[in-house]
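All remarks here apply to the structure that follows.
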Amino acid sequence: MEKHLDRILEHNRSFVEKKEYEPYLTGRFPEKKLVVVTCMDTRLVELLPKAMNFKNGDVKIIKNAGAIISQPFGSVMRSVLVALYELHAEEVIVVGHYECGMASLDADVMISHMKERGISDEVLSTLENSGIRLNKWLRGFDNVTDGVRNTVSLIKNHPLLPPNVPVHGMVIDPNTGALDLVVEGYENK
Ligand SMILES: [Zn+2]
């Protein structure tokens with residue numbers, strides 16, 4: 001396995017020494033007052049901020065596999081609420097992307113990979129017996145547009161969402177950065 005840690009630390013010493021952080025100095029409140037929920041896809045690391053014109057300091061970005069919020073009281077929804085209540089964000093944008101791995105993720109295949117990597121049947125059945133439906137938990141969505149719609153509606157219908165917060169949904173092309181609007185969250189246009 002390639003070891004990244006030494007190279008990261010070495011780069012980091014020179015990054016700090018040469019003050020290469022200076023162009024990125026900013027505050028902790030998002031200037032554009034936005035919180036974005038998106039996917040951890042590698043193609044979006046730099047492309048999404050460029051395509052949406054976000055620079056350091058502009059937005060809160062929350063990432064996971066698929067830009068999915070499946071648990072109303074999980075950590076992603078908590079992050080959205082923290083951004084809205086404590087960090088001055090005023091709008092939410094969910095940004096899924098085409099060719100998302102969570103659209104094709106096969107939970108059974110992933111469970112078989114877990115077994116190949118040494119997770120025992122006993123562990124898996126203990127989890128199932130304690131009520132954790134691995135298949136359901138691992139599942140993504142059939143198509144990204146539905147995935148975005150579901151996440152937007154989970155946020156929009158959350159009992160703790162501050163009233164009148166617009167929640168938008170978009171799908172980005174991971175190659176060109178082109179955005180398709182799926183849900184426009186403004187109530188009075
Ligand atoms: Zn993805």
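Just follow the structure's listing: the first ligand is 1, and inside any ligand the first atom is 1. In this chain, numbering begins with 1 at the start of the sequence shown.
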Verdict with supporting geometry, Arg139 and Leu105, side-chain contact (heavy atoms from CB on, under 4.5 Å): CA-CA 7 Å; Arg139 211 184 156 279; Leu105 188 102; over 6 Å; no

Number of protein N, O or S atoms [distance to the Zn ion (ligand 1) under 2.8 Å]: 3

No-hydrogen, no-angle side-chain donor-acceptor test under 3.5 Å, Asn175 and Tyr98: no

Within-4.5 Å side-chain heavy-atom neighbours: Asp41 and Cys100: no

Tabulate below the donor-acceptor pairs under 3.5 Å that side-chain atoms of residues 4-26 make, not counting sequence neighbours, or state none.
residue: Arg7; atom: NH2; partner: Glu2; partner atom: OE2; Å: 3.3
residue: Arg7; atom: NH2; partner: Lys3; partner atom: O; Å: 3.4

Distance-only criterion, 3.5 Å: show the donor-acceptor pairs between side-chain atoms of residues 107-117 and protein atoms not counting sequence neighbours.
residue: Asp108; atom: OD1; partner: Asn135; partner atom: ND2; Å: 3.2
residue: Ser112; atom: OG; partner: Val109; partner atom: O; Å: 2.7

Contact list for residues 63-90, test side chain to side chain donor-acceptor pair (under 3.5 Å), sequence neighbours left out: none

